[in-house]
Amino acid sequence: MFKRNILVLSFVALLTGCSTTFIYNHIDWWIDWYLDDYVDLNRVQQKAFDKTLTELHQWHRQTQLSRYLQQLTTFQTQVANGLTINDLKEHQQKVTGHWKVLMNKIAPEVAQLSTLLSKKQRNELIENIKEIRQKRIDDHEELSREEWLELREKEQIEELKEWVGKLTSTQKQKIHQLVQGFQTERSYWLTYRESWQQSFFELLAPEQLDQAYVVAFTDLMINGRERLRSEEFKSLTRKNDAITHEIFVTLLNDLTAKQRKKLNRKLSNLREDIMELIEDE
């Protein structure tokens, strides 16, 4: 129901380095803002939600941030010495590991909290999810392959520029060449999301939510992503990931002195932010 709350609003924030400490320290505000789009909580429910969120946030600060710092430190050293495809794959596996730890901690808590929702609130939640899903589909313009590849190329360049500054024409040309191998995952993603949400809706159907619901919803949050994605979707994702890895490794190993200096400074600043968050208990 609350999707990837802390992961989205903390770990992703940490990896983007955008107002890191502010976003992390105000995660309760961000999650409340996000949740308001889906369901209105009464006072008792809000109090229970806030208590659980405070405890999860503290757990995350005390046990997870040091792991992110260690990984970031390793990444910065590898970038300085020359990053390999295998290095990047290992980092992706570690991020997946962070996600699994997070979900195993959060999922049972979220499942238990959702038992506090009335039947009316659950129906409201279902309708809002459907409405938001349809809006996202409607807002997403159907692009030709050429337009879609152009958009992906722009996204890759902008993401790299955020970290290393303006790219050279040679670097842009290399990205242009590699991007041509991407294949859209949109139809597979929509099918997966619909399947996940339908599974969730079915769990919410009974008049009363019991412990069997808690177990089933916990399992859906932890294992649904792997179980409900088709093999074709997984295969395509792996292929697109491989192209992304090649783009980043190629560019990071061919930085100008100015680009390398900016990247190192941003990584160092991000490490300092995480250390500050760890110390600010």
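Below, each value reflects all heavy atoms present in this structure, side chains not excepted, and no hydrogens, waters or symmetry copies. What you see is a predicted model, and the numbers here were worked out from it, not measured in a lab.
- Arg271 and Gln76 get closest at one heavy-atom pair: CD-OE1, 3.0 Å.
- Counted by atom type alone, Gln71 and His91 present one or more donor-acceptor pairs between their side chains at under 3.5 Å.
- Here the rule is side chain to side chain contact (heavy atoms under 4.5 Å, CB included) with Leu252, and of Val249, Leu255, Thr250 only Leu255 fits it.
- When all heavy atoms are compared, the tightest approach of Leu116 to Ala48 is CD1-CB, 3.8 Å.
- Listed here is the closest heavy atom pair of Ser195 and Leu228: OG-CD2, 3.7 Å.
- Put simply, the side chain of Gln78 reaches to within 4.5 Å of the side chain of Thr74, judged on heavy atoms.
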**OP:** Dump the intermediate steps for side chain to side chain contact (heavy atoms under 4.5 Å, CB included) on Lys234 and Tyr192, then the final yes or no.
**Re:** CA-CA 11 Å; Lys234 295 175 186 176; Tyr192 156 69; over 6 Å; no

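- The backbone N or O of Thr73 lies less than 3.5 Å from a partner atom in the side chain of Thr77, making a donor-acceptor pair.
- Residues Val215 and Met221 are members of separate hydrophobic clusters, defined by side-chain heavy-atom contacts under 4.5 angstrom among Ile, Leu, Val, Met, Phe, Trp and Tyr.
- Using modelled atom types, one side-chain atom of Asp87 and one backbone atom of Thr84 make a donor-acceptor pair closer than 3.5 Å.
- In this structure, Gln208 and Pro206 have side chains that are not in contact, with every pair of non-hydrogen atoms separated by 4.5 Å or more.
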Original post:
Can you list the steps and then say if Lys172 with Glu153 is a side chain to side chain contact (heavy atoms under 4.5 Å, CB included)?
Top reply: CA-CA 9 Å; Lys172 289 181 181 180; Glu153 181 177 337; 5.8 Å; no

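- Annotation: side chain of Leu203 is in contact with side chain of Leu220 (closest heavy-atom distance under 4.5 Å).
- A salt bridge links Lys51 to Glu55: one of the charged nitrogens lies within less than 4.0 Å of a carboxylate oxygen.
- Relative ring orientation between Phe217 and Phe200 is described as parallel, the plane-to-plane angle staying below 30° on a 0-90° scale split at 30° and 60°.
- For the atom pair Phe75 CZ and Gln70 CD, the distance stands at 15.5 Å (nearest 0.5 Å).
- When the shell of 6.0 Å around CD of Glu226 is examined, it contains 12 or fewer heavy atoms from other residues, nucleotides or ligands.
- Nearest heavy atom pair, residue Met275 against residue Leu69, reads CG-CD2, 3.5 Å.
- Figure legend: cation-pi geometry between Arg145 and Trp148 absent, as NZ or CZ is not positioned both under 6.0 Å from the six-membered ring centre and within 45° of its axis.
- Using a 4.5 Å heavy-atom threshold, the side chains of Lys258 and Lys262 count as separate.
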Original post:
What do the steps show when you test Leu117 against Leu204 for side chain to side chain contact (heavy atoms under 4.5 Å, CB included), and what is the final call?
Top reply: CA-CA 10 Å; Leu117 297 176; Leu204 292 176; 5.6 Å; no

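- Checking side-chain atoms of Lys119 against main-chain N and O of Ala205 turns up a donor-acceptor pair under 3.5 Å.
- At distances below 3.5 Å, at least one donor-acceptor pair connects side-chain atoms of Asp210 with backbone N or O atoms of Tyr213.
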**OP:** Assess whether side chain to side chain contact (heavy atoms under 4.5 Å, CB included) is satisfied between Asp40 and Gln121, documenting all intermediate values.
**Re:** CA-CA 7 Å; Asp40 294 321; Gln121 286 174 309; 5.6 Å; no

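- Thr191 places a side-chain N or O within donor-acceptor distance of the main-chain N or O of Ser187, the cut-off being under 3.5 Å.
- The backbone N or O of Leu83 lies less than 3.5 Å from a partner atom in the side chain of Asn253, making a donor-acceptor pair.
- Distance check, rounded to the nearest 0.5 Å: CZ of Phe49 to OG1 of Thr52 gives 8.5 Å.
- Atoms CE and CG, on Met103 and Asn223 in that order, are 9.5 Å from each other to the nearest 0.5 Å.
- Looking only at side-chain heavy atoms (C-beta outward), Asp241 and Lys89 stay at 4.5 Å or farther from each other.
- The nearest pair of heavy atoms linking Glu124 to Val39 is OE2-CA, 3.6 Å.
- Side-chain atoms of Arg122 come within 3.5 Å of backbone atoms of Glu207 as a donor-acceptor pair (strictly under, hydrogens ignored).
- Two residues are said to be in side-chain contact when any heavy atoms from C-beta on lie closer than 4.5 Å; Val214 and Gln112 meet this criterion.
- Looking at Lys130 and Phe201, their side chains come closer than 4.5 Å, going by heavy atoms from C-beta outward.
- The main-chain N or O of Glu231 is never found under 3.5 Å from a side-chain atom of Ser235 such that the two would form a donor-acceptor pair.
- Classification of Arg227 and Asp219 as a salt-bridged pair holds, one side-chain N sitting under 4.0 Å from a carboxylate O.
- From Gln46, atom CD reaches atom CG of Asp50 across 4.5 Å, with rounding to the nearest 0.5 Å.
- Under the side chain to side chain contact (heavy atoms under 4.5 Å, CB included) criterion, Glu185 pairs with Phe233, Leu236, Thr237, Asn240, sequence neighbours left out.
- Without hydrogens or angle criteria, Arg61 side chain to Leu277 main chain gives a donor-acceptor distance under 3.5 Å.
- The shortest heavy-atom contact between Asp37 and Ile132 is O-CD1, 3.8 Å.
- In this structure a side-chain-to-backbone donor-acceptor pair under 3.5 Å is missing from Glu109 to Leu56.
- His60 has its side chain out of reach of Val101: every pair of non-hydrogen atoms, C-beta onward, lies at least 4.5 Å apart.
- Atoms CD and NZ, on Gln171 and Lys161 in that order, are 12.0 Å from each other to the nearest 0.5 Å.
- Other residues, nucleotides and ligands contribute over 12 non-hydrogen atoms within 6.0 Å of the CD atom of Gln92.
- Separating the CG atom in Leu88 from the CD atom in Glu246 is a distance of 11.5 Å, to the nearest 0.5 Å.
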